[in-house]
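Note sheet for the following structure.
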Protein chains: 2
Amino acid sequence: MTHPSNSNIDIVKSNTSKIENVDFDNLTFGRTFTDHMFVCDFIDGKWQQPKIMPYQAMTFEPSARVFHYGQAVFEGMKAFKDDAGKVWLFRPEENHKRINISSARLAMPEFPKDYFLDGLEALLKLDKDWIKPGVGNSLYLRPFVIATEPAISASPANMYRFMIICSPAKAYYSGKVRVLFAEKYSRSADGGVGFAKAAGNYAAQFYPTSLAQEKGYQQIIWTDASTHEFLEEAGTMNIFFRINDTLVTAPISDRILDGITRKSIIQLAEDNNVPVEVRRVPVSEIKEAARNGSLKEIFGAGTAAVISPISAFEHGNEVFELPEMENAYATMFKKELLNIQHNLSDDKHGWRREVK
Amino acid sequence: MTHPSNSNIDIVKSNTSKIENVDFDNLTFGRTFTDHMFVCDFIDGKWQQPKIMPYQAMTFEPSARVFHYGQAVFEGMKAFKDDAGKVWLFRPEENHKRINISSARLAMPEFPKDYFLDGLEALLKLDKDWIKPGVGNSLYLRPFVIATEPAISASPANMYRFMIICSPAKAYYSGKVRVLFAEKYSRSADGGVGFAKAAGNYAAQFYPTSLAQEKGYQQIIWTDASTHEFLEEAGTMNIFFRINDTLVTAPISDRILDGITRKSIIQLAEDNNVPVEVRRVPVSEIKEAARNGSLKEIFGAGTAAVISPISAFEHGNEVFELPEMENAYATMFKKELLNIQHNLSDDKHGWRREVK
Ligand SMILES: Cc1ncc(COP(=O)(O)O)c(C=O)c1O
Ligand SMILES: Cc1ncc(COP(=O)(O)O)c(C=O)c1O
């Protein structure tokens, strides 16, 4: 990043590295963390001196508000290493914008852009050996903010902690995914917090998802809570439908996360002259398209999995298997995205940001 | 409680007490905690040895799932002391049932009843000097469960911590409350987690509530997310409307917390031959009743405030002031509830539980 550092980060390096003990070929997502973390506290109405320190457990009061009222938001992003050893981020300003949108909805303070970008940069410099080259490898970055104030009154906290932790990752989902269209449970309401990466949105999905898993489906595609007639998004992915050659996806609303992968795919589709329709997606239309053969693909799009092709869906006790596609959009867009992310192709939209 | 103790709690007492430094006449809600806390960890598929230890900060991994995905539920209950120095709980089994309902919805393990009740009892015996006699004084008890597993995959955790912390309290709200009926924001969706005391439900309300506060309203009365035409509940209270002499309140649903104060008031109303209607409450009906004078009272009901009379509401840019009532139901039910809680009156429903 060519961003000038105003952040004056206080850095305490780890004396030893855990990296020798890590089997990079057998990583379970989100269980292994790098040697350092970034920490910045919000106290007395302002963000204090940012710090990088050895990755470690931290002390919290049992009354810390995050434990009681769920004031917690997060981001998910990745760093990549190219074959020349250069380190790249993908559209990091978008994650910064979005964490502040999430924070605002939860009555939490916004985090300064320079702290966010400089923090990432400084952390990645220290832990760059944890980023392995090769498409499919990445370092998953988890910025998050939690309410730390020790007081259990049901109101916004006055103390917060912003952190970034890093976890080496392989591809998140393996194989094709079978999904259930939601008919009873819902993820978010109009006027709610569905558009925010708010911690509570995720816990709320675990139980319905476990029921789906018992039926043999890995994920739920959420529908609108009022009617369950329109398809919205999955637990950690936006959703695209290919009907004949047109790509269809639900519009952003206050119920749906404004995914960075989603908006990148919409742009890539335009670049490739693939027609895109951003509009409400009726369940009935998708079922009809599956029946008459015009539904060619469904895929999820998100940072963790990049693109997850979906092989089947169930709705109204009817199971629909999707065809195997040659020249699938899912494959094409995944490749294009990975190539941009790994510095293997042109980056005409300026999405790639080198960490220098 | 005559409950036999199977729980075999491991108790480490505090060497000193903080109680001398506490000004019990000037307590801010939820900022002061007693000398001890109850802790029980869920590891390897079961709840481990329960412990009571000095109230203290605790260590958590930055990747603890509660910080990222909001797996966190809680309860709110109170202990009271009568003039003879006996300590009482109010319907504690109901809180136990409800925390397990909340946990189940968030894919968290249920907590055993004997651990819950014995934990409360043992904790209150140690910290009983913190419960001051006199109506209006209480010790607020906060059982809660959080996901502690250090792994940021978006799925239910395998490690949890159940805790109880205690905070001495005076009456929660002072004076009459002015409220805004929700027209745009919403608290929960059909098929969502509104019926659970899930941490994320509370953070989601802070921002809309702060907007209401800027307009001079302390609270929002939430309406259904789909149409905003029906009144549901407030942020931490269920809501009752008195139309002429009939008490009206919304039915329990998957959007509304099944409040213990609410169901106690419904029972007390029956005992007092006050007609009660549990049914949907259209905003339009309440506005019309306010206009024609048949709306006599609105009040909130919840453990913290017991009963909060509401003096005015706004909807559709119209402000409705409620009349000052003599013989208000709010006053009557509050007095009856407090008398039962403080062992000042008969307890014909067996709601009071002595802590022996
Ligand atoms: C609910 C939800 N939808 C969609 C996405 C995809 O967003 P992005 O492409 O920015 O990772 C995510 C995050 O990964 C998510 O949590
Ligand atoms: C959302 C909500 N509604 C209602 C209530 C009232 O429930 P209870 O009477 O059991 O305290 C509470 C809790 O206090 C609450 O958090």
Side-chain angles (χ1 to χ4, degrees), chain A residues 28-31 33 37 55-63 66-72 74 104-107 142 144 146-147 150-156 163 165 167 182 184-193 198-210 225-226 228 235-236, chain B residues 28-31 33 37 55-63 66-72 74 104-107 142 144 146-147 150-156 163 165 167 182 184-193 198-210 225-226 228 235-236:
Chain A
T28 306
F29 181 81
R31 291 198 173 269
F33 297 91
M37 63 188 190
Y55 185 88
Q56 63 194 274
M58 306 191 98
T59 291
F60 294 91
E61 292 290 329
S63 61
V66 60
F67 297 140
H68 302 270
Y69 303 124
Q71 268 191 305
F74 68 99
R105 181 60 181 84
L106 265 63
R142 170 55 58 90
F144 63 106
I146 53 181
I152 55 166
S153 42
S155 58
M163 298 184 69
I165 58 177
S167 178
K184 180 181 158 211
Y185 290 103
S186 54
R187 182 184 170 277
S188 70
D190 284 317
V193 300
N201 288 341
Y202 296 81
Q205 299 180 67
F206 291 167
Y207 174 71
T209 302
S210 73
S226 296
H228 296 294
T236 58
Chain B
T28 306
F29 181 81
R31 290 198 174 268
F33 297 92
M37 64 187 188
Y55 185 90
Q56 62 194 274
M58 308 192 96
T59 290
F60 295 90
E61 291 290 327
S63 61
V66 60
F67 297 142
H68 302 271
Y69 303 125
Q71 269 191 303
F74 68 98
R105 181 61 181 83
L106 265 61
R142 169 55 59 88
F144 63 107
I146 53 180
I152 55 166
S153 41
S155 56
M163 298 184 68
I165 57 176
S167 178
K184 178 181 161 214
Y185 290 103
S186 55
R187 181 185 171 276
S188 71
D190 284 317
V193 299
N201 288 341
Y202 296 81
Q205 300 179 66
F206 292 167
Y207 174 70
T209 302
S210 74
S226 296
H228 296 296
T236 59

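Numbered from 1 within each chain, the chains take letters A, B, ... in sequence-line order.
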Query raised in the report: What distance separates B:Arg31 CZ from A:Ser153 OG, expressed to the nearest 0.5 Å?
Result: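 Reported value, rounded in 0.5 Å steps: 5.5 Å.
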Query - Straight-line distance of B:Ile146 CD1 to A:Phe60 CZ, nearest 0.5 Å - result: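 Rounded to the nearest 0.5 Å, the CD1-CZ separation comes to 10.0 Å.
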Against chain A, work out which of [options] has the most heavy-atom pairs shorter than 4.5 Å and name it.
{"options": "B:Ala182, B:Ala204, B:Ala225", "value": "B:Ala204"}
{"options": "B:Met58, B:Gln71, B:Met37", "value": "B:Met58"}
{"options": "B:Gly235, B:Pro150, B:Gly200, B:Pro156", "value": "B:Pro156"}
{"options": "B:Phe206, B:Tyr202, B:Tyr207", "value": "B:Phe206"}
{"options": "B:Thr28, B:Asn201, B:Val193, B:Ile165", "value": "B:Ile165"}
{"options": "B:Ser188, B:Pro208, B:Ser210", "value": "B:Pro208"}

Requested in this report: Measure B:Arg105 against the heavy atoms of chain A and call it side chain, backbone, both or neither at under 4.5 Å.
Outcome: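 Both parts, backbone and side chain.
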I'd like to know which of [options] tops the heavy-atom pair count under 4.5 Å against chain B.
{"options": "A:Lys184, A:His228, A:Arg142, A:Gln205", "value": "A:Arg142"}
{"options": "A:Ser226, A:Ala189, A:Pro62", "value": "A:Pro62"}
{"options": "A:Ala107, A:Ser63, A:Gly192", "value": "A:Ser63"}
{"options": "A:Gly70, A:Ser186, A:Gly30, A:Ala151", "value": "A:Ser186"}

Query raised in the report: Is there side-chain contact between B:Val66 and A:Phe67, with at least one heavy-atom pair below 4.5 Å?
Result: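 Result yes, sub-4.5 Å side-chain heavy-atom pair found.
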**Report entry** Proximity of B:His68 and A:Phe144 rings by center, below 6.0 Å
**Finding:**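 Ring-ring flag for B:His68/A:Phe144: true, centres closer than 6.0 Å.
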Query raised in the report: Hey, do the aromatic rings of B:Tyr69 and A:Phe74 have their centres closer than 6.0 Å?
Result: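 Yes.
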Query raised in the report: Of the backbone (N, CA, C, O) and the side chain (C-beta and beyond), which part of A:Ala104 lies under 4.5 Å from a heavy atom of chain B, both, or neither?
Result: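 Backbone only.
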Query - chain B contact via A:Met163 - which portion, at a heavy-atom distance below 4.5 Å - result: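 The side chain, not the backbone.
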Requested in this report: For B:Phe33, enumerate each residue passing the ring-ring contact (aromatic ring centres under 6.0 Å, His included) test, keeping only those at least two apart in sequence or located in another chain.
Outcome: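 Result, ring-ring contact (aromatic ring centres under 6.0 Å, His included) vs B:Phe33: B:Tyr55.
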Query - Side chain B:Thr59, main chain A:Ala57, donor-acceptor under 3.5 Å - result: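 Flag not set: sc B:Thr59 to bb A:Ala57 has no pair under 3.5 Å.
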